> 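Let me give you the structure first, and then I'll get to my questions.
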Number of protein chains: 2
Amino acid sequence: MREVSLKSLSRQLGLTEGTVSRALNGYADISAKTRERVRDAADRLGYEPNSAARRLALGNAECIAYVMPWQSTHIADPFLGELLDGISAVLSERRWDLSVAAPRSQEEEVATIERIAKAGRANGIVISRTLGHDPRVETMRAMKIPFITHGRTTNSDDHAWLDVDNFEAARFATAHLIGLGHTRIAHIHGPLRYNFAAERLKGYRHALTEAGLATDPALEAASETTLETGYTAMRTLLDIADRPTAVVCVADMVAIGAMKAIREAGLVPGREISVIGYDGIPMGEHTHPALTTMAQPLRSAGSQLAWMLMAVIAGDDPASQQQIIPADLVRRQTDSPPIRNA
Amino acid sequence: MREVSLKSLSRQLGLTEGTVSRALNGYADISAKTRERVRDAADRLGYEPNSAARRLALGNAECIAYVMPWQSTHIADPFLGELLDGISAVLSERRWDLSVAAPRSQEEEVATIERIAKAGRANGIVISRTLGHDPRVETMRAMKIPFITHGRTTNSDDHAWLDVDNFEAARFATAHLIGLGHTRIAHIHGPLRYNFAAERLKGYRHALTEAGLATDPALEAASETTLETGYTAMRTLLDIADRPTAVVCVADMVAIGAMKAIREAGLVPGREISVIGYDGIPMGEHTHPALTTMAQPLRSAGSQLAWMLMAVIAGDDPASQQQIIPADLVRRQTDSPPIRNA
DNA sequence: CTTGATTCCGAAAGCGCTTTCGGAATAGCG
DNA sequence: CGCTATTCCGAAAGCGCTTTCGGAATCAAG
């Protein structure tokens, strides 16, 4: 199997490389007849332009890069596949590539981004799990490379992003519990350097205040977005004197961990203590009892991100590519009015 | 921020591009002094060679591609992150790229591989979830592009692969249950086109035969590798006349689904019916009761695959890059002797 | 001091493709 | 039929880097 190049193709057709190239790329100065002839031959021989050569000549990487967050907790992210799938779907339409980098520290994250930008490896970058103040965003800004973030930062007026309305989601979930009659509502929040975690905490507090309830530091417990840390966070919440009758969790996995702690305390989630998760992972339908949660449409996030980034690359104002998606309450079995004697 | 190129760098140093290039690449015909001088300047200015140009000149993509399996069930794979992380880890040492493609059908899978090979986009390809007879393997063979598969095929003597000893793992799990005294042991298997599923089924049957027990088609139920299908498979197993007292499942998610069905039938997993999963996902520690499973070290699979593929790319005989990893029984709470009156 | 071996760098070609430019062949017009 | 406007393709430059080759300068040896 000899590599079929532009040279061999053109020689076989009795044309110049330039002509064949223009025919393939649909230039108007090639007659319809020869264009057909060239395309047929290309298909037949399975010609595919060498990507490095094309990229060099075009000065275009035809590639976007996804830089994974380095935190190890993120590695088990079940959404990664969907995200990549979504991005890849829109890229493949234009035959662009998706390159994935997995930095191993925060410094490497920044270094990776710099290298991608300087080497012209990609036309744009997408990152997720933004921090309130995110050094990655700073370097991408400095590098002047198009980018989009999955999640806002505290200062993201001028760049492209796709985010869930975290504040509103947490506020809504909390208000829902208040509506059910709860007054002692706890919150297990994520690491507050993550903007989504900080926003959800704010939303939670806002709902309390809004309803005339006092916020209580004892009712706020920290966790990572893992089952284990959700479990331990819930245990501390169970130990306090005036035990909460409900808890809103920063993530479904955290909620599942919390449910485990609740069961171990001899209580049942959704009766003595209501639990609301966040994410809408499939597993939530199958927990015992089934988890009530704030679900967000993740399936489309990847393609959405890709579309928006492509627009920025095409020259659109990044500030015009900002989109907020709502999260919906999915009521299952872990939310109910508080029990009188609890 | 003007892109710093070889030209601008060399001009600034009063040297030729060729000289600078050789200095940077450690050629011996450059004096130590100028080499230092060049490297300093390069670091200072943040020079990074343009990747397209480098690749073209080198005739080397410095990149390997991971082609995701197209099955949607796989998209929620929690291991994807670890896999990519592992691959990326070894690639980044050599400053290679990892490119990810997500085909949307079986035809596209093959087409994607062909395009990668023809366009010289990557030096090698890794795929996972191999089928017994896998068209992807055929095309990679035909394209003569180095590749490695995560999982064997029925005919994989001549290519590189990394695989778990599926047969032995299933045999061992089944034998373990037999050792506990079970005689009615069911198996929920995965889609048999997947080689791992077929192998595990074989191992299960072998263990029975080995112990002088008869295999019973009624005790073999099919599922995907999802919680839902595991649930429904278990329900059919619960309905048969002479109910099994134990079940070995093709995957942990399947086992979790099976446990749900068992609980719904008013039985408790690990008492009336023993359950053994496969994979060793973190969630298994937190199910209720905790899931006994055959665990495999997945964390290192990615880097292992990458190392081996690199060796093949470097010219090693693919047949020399084959590795089998064992799965270990992790006993938790769902395996126990059968109950007398069950 | 001459010759030959080294050391070190400049010059130039080339990787495979795209694109601009100019000119030969054809068509359109009076 | 001659002239200008079009149509279509060939020629050539260039994308930014690597690498081979040759030659000037330096060195050691005679």
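These numbers come from a predicted model, not from an experiment. These values consider heavy atoms only, across backbone and side chains, with no hydrogens, waters or symmetry-generated copies. Per chain, numbering begins at 1; letters A, B, ... match sequence-line order.
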> Rounded to whole angstrom units, what separation is found between the CZ atom of Arg11(A) and the C1' atom of dG16(C)?
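Answer to the nearest Å: 13 Å.
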
> Checking contacts here: which listed nucleotide (dC17(D), dC17(C), dC9(C)) is nearest the side-chain heavy atoms of Ala53(B)?
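Nearest to the side-chain atoms of Ala53(B), counting from C-beta on, is dC17(D).
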
> Please list, by residue number, the residues of residues 19-28 of chain B whose heavy atoms come closer than 4.0 Å to an atom of DNA chain C; answer none if no residue qualifies.
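Here the set is Thr19(B), Arg22(B).
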
> Calculate the interatomic distance between Lys7(A) atom NZ and dA11(D) atom C1'; express it in whole Å.
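Whole-Å distance recorded here is 16 Å.
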
> So does Arg141(B) pair up with Glu138(B), basic N to acidic O under 4.0 Å?
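Yes.
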
> Distance check needed: dC15(D) C1' versus Glu17(A) CD, whole Å only.
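Value for this atom pair: 15 Å.
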
> By nearest heavy atom, map Gly18(A) and Ala32(A) onto DNA chain D; which one lands nearer the 5' end?
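First, find each residue's nearest nucleotide; the 5'-ward one identifies Ala32(A).
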
> From CZ of Arg55(A) over to C1' of dC15(C), roughly how many Å is that when rounded to an integer?
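It works out to 15 Å between those atoms.
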
> Checking side chain to side chain contact (heavy atoms under 4.5 Å, CB included) between Ile148(A) and each of Ile127(A), Leu305(A), Ile64(A), which is the one that passes?
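Running side chain to side chain contact (heavy atoms under 4.5 Å, CB included) over Ile127(A), Leu305(A), Ile64(A) with Ile148(A) returns exactly one hit, Leu305(A).
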
> Counting only side-chain heavy atoms from C-beta out, which of dC17(D), dG10(C), dT18(C) sits nearest to Arg54(A)?
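For Arg54(A), the side-chain atoms sit closest to dT18(C).
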
> Report the nucleotide, chosen from dC9(C), dC8(D), dA11(D), that has the shortest atom-to-atom distance to any side-chain atom of Thr16(A).
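In terms of side-chain proximity for Thr16(A), the closest of dC9(C), dC8(D), dA11(D) is dA11(D).
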
> Distance-only, no hydrogens or angles: does the Ser156(B) side chain make a donor-acceptor pair with backbone N or O of Arg152(B) under 3.5 Å?
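Judged by distance alone, no pair lies under 3.5 Å.
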
> Contact class for Ser5(B) (heavy atom, under 4.0 Å): base, sugar-phosphate, or nothing?
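It contacts sugar-phosphate atoms only.
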
> Which nucleotide, dC8(D), dC17(D), dT18(C), lies nearest any side-chain atom of Ala57(A)?
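Of dC8(D), dC17(D), dT18(C), dT18(C) is nearest to the side chain of Ala57(A).
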
> Do you see a donor-acceptor pair shorter than 3.5 Å between the side chains of Ser303(A) and Ser300(A)?
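Ser303(A) vs Ser300(A): no donor-acceptor pair found between side chains.
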
> Under 4.0 Å, heavy atoms only, any strand: does Gly14(A) hit a base, just the sugar-phosphate, or nothing?
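Touches sugar-phosphate only.
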
> Find the distance Ile30(A):CD1 to dT20(C):P and express it as a whole number of Å.
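The distance from CD1 of Ile30(A) to P of dT20(C) comes to 13 Å, rounded to the nearest Å.
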
> Touch check for Leu58(B), heavy atoms < 4.0 angstrom, all strands: base, sugar-phosphate only, or nothing?
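Sugar-phosphate contact only - Leu58(B) comes under 4.0 Å of backbone atoms but never of a base.
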
> Once you build an axis from the first five pairs and another from the last five of the helix from dA5(C)-dT26(D) to dG30(C)-dC1(D), how far apart in angle are they, to 10 degrees?
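End-to-end axis angle: 60°.
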
> Would you kindly say whether Tyr66(A) and Ser128(A) are connected by a side-chain donor-acceptor distance under 3.5 Å?
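Looking only at side-chain atoms, Ser128(A) and Tyr66(A) do form a donor-acceptor pair, the distance falling under 3.5 Å.
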
> Is the closest basic N to carboxylate O distance between Glu17(B) and Lys7(B) below 4.0 Å?
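Between Lys7(B) and Glu17(B) there is no salt bridge, as every charged N stays at least 4.0 Å from the carboxylate O atoms.
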
> Any side-chain N or O of Ser31(A) below 4.0 angstrom from OP1/OP2 of dC9(D)?
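Yes, Ser31(A) has a side-chain N/O under 4.0 Å of OP1/OP2 on dC9(D).
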
> Can you measure Arg95(B) atom CZ to dC17(D) atom P for me and round it to whole angstrom units?
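Taking CZ of Arg95(B) and P of dC17(D), I get 15 Å after rounding.
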
> Given dC9(C), dT18(C), dC17(D), which nucleotide is nearest the side-chain atoms of Tyr47(B)?
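Of the candidates, dC17(D) comes closest.
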
> Quick check against the 3.5 Å criterion: does Thr130(A) have a side-chain atom that pairs as donor or acceptor with the backbone of Thr153(A)?
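A pair under 3.5 Å: no.
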
> Between Lys118(A) and Glu3(B), is there a side-chain N and carboxylate O pair less than 4.0 Å apart?
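No, no charged N to carboxylate O under 4.0 Å.
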
> With respect to Glu62(B), which candidate in Arg54(B), Arg95(B), Arg55(B) satisfies the salt bridge (Lys or Arg N to Asp or Glu O under 4.0 Å) definition?
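Among Arg54(B), Arg95(B), Arg55(B), the one meeting salt bridge (Lys or Arg N to Asp or Glu O under 4.0 Å) with Glu62(B) is Arg54(B).
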
> Identify whether NZ of Lys or CZ of Arg in Arg129(B) sits under 6.0 Å from the centre of the six-membered ring of Tyr194(B) and within 45° of that ring's axis.
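Yes, Arg129(B) lies over the aromatic ring of Tyr194(B).
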
> Taking atom C1' of dC9(C) as reference, at what distance in whole Å does atom NZ of Lys33(B) sit?
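To the nearest whole Å, that distance equals 13 Å.
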
> When the distance from CD of Glu62(A) to C1' of dC17(C) is rounded to whole Å, what number comes out?
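It works out to 11 Å between those atoms.
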
> Checking only heavy atoms, does the side chain of Asp29(A) share a donor-acceptor pair with the base of dC9(D) at less than 3.5 Å?
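Result: at least one qualifying N/O pair found.
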
> Which nucleotide in the list dT18(C), dC9(D), dG16(C) gets nearest to the side chain of Leu6(A)?
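Side chain of Leu6(A) sits closest to dT18(C).
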
